[in-house]
Amino acid sequence: MNNDSKIILTGIKPTGMPHIGNYIGALKPLIEKSQTNKTFVFIADLHALNSIHDAKEIRQHTYEIAALFVALGLNLDNAILFRQSDIDAVYKLNTFLMNVTPKGLMNRAHSYKAMLEKNAAANRDPDADVNMGLYTYPILMSADILLYNADIVPVGADQKQHVEFARDIAEYFNRTYGNVFRLPEPQIGINNGIIPGLDGRKMSKSYDNTIPLFAPANELKKKIMRIITDSKLPNDKKNPDESTIFLLYKHFANADEIATMRDMFENGKIGYGDAKKMLFEKIDSVLSAPRAKYEYLMAHTDELDSILAAGAARARDTANDTINRVQHAMLG
Ligand code: TYM
């Protein structure tokens with residue numbers, strides 16, 4: 001199979017405005033792939049349910065993600081953009097997969113283990129704040145991936161284990177019931193799938209160190225000026241590859257601009273304050289047209305409803321075909 005015939009899939013949870021880490025780690029690679037490959041892109045609203053219990057909020061965030069993908073140039077001829085909960089087959093497949101998934105696999109999931117550690121540190125019951133949606137999260141995620149015969153799943157490092165679980169679960173299933181599922185592979189982006197945030201740790205809402213993708217210019221600037229650096233002076237030589245400023249700049253600038261900033265860092269021609277200003281101006285100029293389109297779409301959610309309905313209809317064709325094969329294999 002050549003690379004252009006591979007099926008690409010990824011999902012993103014509607015839990016608020018995505019940040020630049022989500023964008024560089026998963027959204028941008030997916031949008032690029034959508035120019036050449038069949039891609040499935042979905043808004044994982046069922047996955048958001050384990051943390052958000054307000055329907056209005058989930059609905060609003062779902063529109064935000066849909067608007068964002070369209071505004072950033074997802075190719076809607078090749079890409080099927082849809083809401084996870086619109087496809088009934090995913091609930092069915094989730095139930096079917098429960099029965100071939102060892103409980104031990106769920107015990108090993110990083111996200112669940114992180115909760116256990118957090119509770120232990122706070123001297124709380126190990127399973128405090130763990131609902132079954134969180135505990136079985138990787139099974140639903142496997143259903144998402146296997147339902148659409150995905151070959152490649154672009155994700156950040158934090159989701160790699162979940163994609164590997166989907167592959168493990170598909171293998172258990174195929175061993176028992178014959179060759180029903182295609183085996184997916186995670187595709188981890190640059191910097192080993194970890195885009196750093198303002199404080200140098202992984203960019204994540206839980207660390208409060210994010211740069212929102214479509215923040216207003218003054219907020220964007222304020223955030224960028226907060227990026228933590230070492231104490232080197234403007235004339236000191238600096239290693240650009242150890243700098244969050246340069247790492248983020250690389251994803252928005254062209255080759256000449258990147259070479260210029262690299263030279264400035266390596267030869268002591270720029271201070272961090274000025275480098276941050278360059279980064280702000282670059283991000284602001286690259287994202288200003290998509291931000292305007294995003295704002296237009298958020299004011300015309302009926303257009304988003306039509307895009308999501310068309311996407312669901314296309315996704316359903318593939319999903320129904322898979323679920324029929326699974327049901328036949330398991331129940332005859
Ligand atoms: P979510 O919504 O938390 O994140 C969306 C994507 O962004 C990546 N990401 C990062 N990449 C690099 N550096 C960072 N600092 C960073 N922070 C986040 C995430 O790894 C992810 O790829 N469970 C998924 C949603 C999902 C899904 C799926 C993904 C549901 N079903 C099936 C792929 C396939 C999630 O919560 O992602």
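Note that ligands are numbered from 1 as they come in the structure, with each ligand's atoms numbered from 1 the same way.
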Please confirm whether [X] approaches ligand 1 to less than 4.0 Å, judged on its heavy atoms.
X	result
Leu27	no
His162	no
Ser204	no

Cation-pi between Lys160 and Phe165: NZ/CZ under 6.0 Å from ring centre and within 45° of the ring axis?
no

Can you tell which part of [X] has a heavy atom less than 4.0 Å from ligand 1: side chain, backbone, both or neither?
X	value
Gln84	neither
Ile24	neither
Ile195	both
Ile194	backbone
Lys13	both

Grab the two heavy atoms, one from Arg325 and one from Val180, that are nearest each other, plus how far apart they are.
NH1-O, 3.0 Å

[atom] [closest protein heavy-atom partner, distance rounded to 0.1 Å]:
atom	value
atom 21 (C) of ligand 1	Gln159 CG, 3.9 Å
atom 12 (C) of ligand 1	Gly193 O, 3.2 Å
atom 10 (C) of ligand 1	Gly21 O, 3.6 Å
atom 4 (O) of ligand 1	Asn22 ND2, 3.5 Å
atom 25 (C) of ligand 1	Gly11 O, 3.6 Å
atom 36 (O) of ligand 1	Tyr137 OH, 2.9 Å
atom 17 (N) of ligand 1	His19 CE1, 3.5 Å
atom 31 (N) of ligand 1	Asp144 OD2, 2.7 Å

Check ion pair [X]-[Y] (N to O, under 4.0 angstrom):
X	Y	result
Asp88	Lys92	no
Arg201	Asp199	yes
Lys238	Asp230	no
Lys113	Glu117	no
Glu266	Arg262	yes

Side chain proximity check, [X] to [Y], heavy atoms < 4.5 angstrom:
X	Y	result
Ile283	Ile20	yes
Phe265	Asn239	no
Asn191	Pro196	yes
Leu68	Met17	yes

Taking only heavy atoms of [X], which atoms of ligand 1 are found under 4.0 Å from at least one of them?
X	result
Ile12	2 (O), 5 (C)
Gly25	11 (N), 12 (C)
Met203	14 (C), 15 (N), 17 (N)
Ala44	30 (C)
Asp158	19 (C), 20 (O)
Val153	33 (C), 34 (C)
Phe42	28 (C), 31 (N), 32 (C)
His47	30 (C), 31 (N)

Is the OH atom of Tyr91 crowded by more than 12 outside heavy atoms at less than 6.0 Å?
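For Tyr91, atom OH is crowded (more than 12 foreign heavy atoms under 6.0 Å).
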
How about Asp208: does its CG atom have over 12 heavy atoms from other parts shown lying under 6.0 Å from it?
no

Of Lys38, Arg167, Lys33, Arg182, the residue whose pairing with Asp151 passes salt bridge (Lys or Arg N to Asp or Glu O under 4.0 Å)
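The single option meeting the salt bridge (Lys or Arg N to Asp or Glu O under 4.0 Å) with Asp151 is Arg182.
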
Using heavy-atom distances only, which candidate in Gly156, Ala26, Gly189 approaches atom 6 (C) of ligand 1 most closely?
Ala26

For atom 28 (C) of ligand 1, tell me which residue out of Lys205, Met141, Arg201, Gln187 has the closest non-hydrogen atom.
Met141

Membership question, hydrophobic clusters at under 4.5 Å side-chain separation (ILVMFWY): are Val153 and Ile7 in the same one?
yes

